[in-house]
Amino acid sequence: QLRTIVKQRKIGALTVLGNTYETFPANHTRATCAPDTLEASMGLLDSLKSTFTSSGEASVPPAASFATREGVIYAPVNGVLVNLDEVPDETIASGMLGQGYGIEPITGTIYAPANGRIGATTVTNHSIGMITEDGLRVFIHVGLGTVEMNGKGFARFVEMGDTVKAGQPLISFDREAIKAAGHEDIVTVIVSELDRLKSIDHVGESGTLIDGNPLVKLGDPLLVAKTK
């Protein structure tokens, strides 16, 4: 089971969070949307940005509601979907932590991607782990190198061991504060402990593309996995 993360220690460029690893290279790059493509999708972007946005930094945002199916992990935030190997972090991109996606967020709240319970939290509130009702181990991380922010710009709404429903707010984060600190705000959603799985399929898609990548909304299916 995932363990509560209460201590963080830095080993070279690697920060060990319990049994989870985070790297933060000095230089990060992210592809930007072509202006004409972005303009074409601006209406939908604005709509998503205005949805599920907290009115206060530490206030609990309203819960979202979406249908769920067994073994499915859903998008925990609105944003542009990228393949995991496109995330500018060697450890994440290599699949060492598991399989999943990166999401370039356009809103600042992380919601539960399935029904389950909270299996791990961090004192800096930049990442969280949960175990779904189906036994999937899911790790969600906000930003790259954001552990160095020591919790500034982040708020957590759940505790270790809490039972959560899909669409329940877990974490809020200030995208501008992350940017000001010199970090990427990309969100990674990873299913770990792959040896426990029979299969895992990547199903993230959208009819709206930003620079060739799907624009997904909260509750869109991302991964379908079956345990052994």
Side-chain angles (χ1 to χ4, degrees), residues 1-6 17-22 51-52 54 60-79 81 84 87 92 95-103 105 107-143 146-147 154-173 186-204 216-228:
Q1 295 183 349
L2 294 171
R3 295 175 295 175
T4 306
I5 300 167
V6 294
L17 303 177
N19 60 349
T20 305
Y21 301 89
E22 170 198 314
T51 306
F52 308 120
S54 161
V60 181
S65 177
F66 50 86
T68 60
R69 292 188 291 116
E70 182 178 354
V72 181
I73 301 301
Y74 297 87
V77 67
N78 298 321
L81 197 66
L84 209 60
V87 176
I92 293 172
M96 183 183 299
L97 303 181
Q99 292 296 313
Y101 284 103
I103 301 176
T107 50
T109 302
I110 298 298
Y111 296 80
N115 298 327
R117 64 181 176 84
I118 302 302
T121 60
T122 59
V123 295
T124 49
N125 298 330
H126 71 291
S127 63
I128 198 161
M130 66 176 290
I131 304 171
T132 72
E133 290 179 339
D134 312 310
L136 303 177
R137 270 60 174 176
V138 182
F139 175 63
I140 302 174
H141 192 285
V142 179
T146 44
V147 64
F154 294 86
R156 176 164 45 85
F157 310 118
V158 291
E159 300 295 337
M160 169 69 176
D162 283 358
T163 298
V164 297
K165 292 292 185 181
Q168 182 174 336
L170 303 180
I171 294 172
S172 69
F173 57 99
I186 191 167
V187 174
T188 49
V189 184
I190 294 174
V191 174
S192 61
E193 299 188 26
L194 300 182
D195 58 333
R196 298 168 50 89
L197 303 181
K198 288 182 180 179
S199 63
I200 182 167
D201 296 317
H202 294 67
V203 298
V216 295
K217 66 181 183 300
L218 174 65
D220 282 351
L222 297 183
L223 301 160
V224 179
K226 295 181 179 179
T227 56
K228 294 179 179 178

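Just so you know, these numbers use all the heavy atoms, side chains as well, and skip hydrogens, waters and symmetry mates.
P113 approaches M130 most closely through the heavy-atom pair CD-SD, 3.5 Å. For the pair M160 and T121, the tightest heavy-atom approach, listed with the atom from each and the gap, is N-CG2, 3.9 Å. Smallest separation of non-hydrogen atoms from I103 and P76: CD1-CD, 3.9 Å. Considering all non-hydrogen atoms of both residues, P169 and P61 come closest at CG-O, 3.2 Å. Residue V72 comes nearest to P221 through the heavy atom pair CG1-CB, 3.9 Å, listed as atom of the first residue, atom of the second, then distance. Residues S127 and H141 come closest through the heavy atom pair CB-CD2, 3.7 Å.
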Point to revise | Trace of the side chain to side chain contact (heavy atoms under 4.5 Å, CB included) decision for V191 with Q99 | key: CA-CA 5 Å; V191 174; Q99 292 296 313; 5.6 Å; no
Exercise for review: Let me see the working for V189 and V77 under side chain to side chain contact (heavy atoms under 4.5 Å, CB included), right down to the final yes or no.
Suggested key: CA-CA 10 Å; V189 184; V77 67; over 6 Å; no
Check your understanding: Taking it one step at a time, do T227 and D134 satisfy side chain to side chain contact (heavy atoms under 4.5 Å, CB included)?
Key -> CA-CA 8 Å; T227 56; D134 312 310; 5.6 Å; no
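Classified by interplanar angle (parallel below 30°, tilted 30° to 60°, perpendicular above 60°), the ring pair Y74/F66 is tilted.
Although no hydrogens or angles enter the test, the distance criterion places no donor-acceptor pair under 3.5 Å between the side chain of D220 and the main chain of A75. Side-chain N or O atoms of N78 include one that pairs as donor or acceptor with a backbone N or O of L218 at under 3.5 Å. Listed for the Y101 side chain is a donor-acceptor partner under 3.5 Å among the backbone atoms of G204. Looking only at distances, no side-chain donor or acceptor of T107 sits under 3.5 Å from a matching main-chain atom of T109.
Once rounded to the nearest 0.5 Å, the distance linking CD1 of I73 with OG1 of T68 reads 10.0 Å. The CD1 atom of I200 sits 5.0 Å away from atom CG of L223, with the distance rounded to the nearest 0.5 Å. Here CG of L97 is found 10.0 Å from CG of L194. Values are rounded to the nearest 0.5 Å. Considering CD of E133 and NZ of K165, their distance stands at 5.5 Å, rounded to 0.5 Å.
Of the residues listed (I128, V158, T122, V187), the one engaging I171 in a side-chain contact (heavy atoms from CB on, under 4.5 Å) is I128, and it is the only one. Evaluated for a side-chain contact (heavy atoms from CB on, under 4.5 Å) with F154, the options T124, I110, T146 yield exactly one hit, T146.
Among residues two or more places apart in sequence or in another chain, the side-chain contact (heavy atoms from CB on, under 4.5 Å) test is passed with K198 by K226, K228.
In this structure, L197 and L136 have side chains that are in contact, with non-hydrogen atoms separated by less than 4.5 Å.
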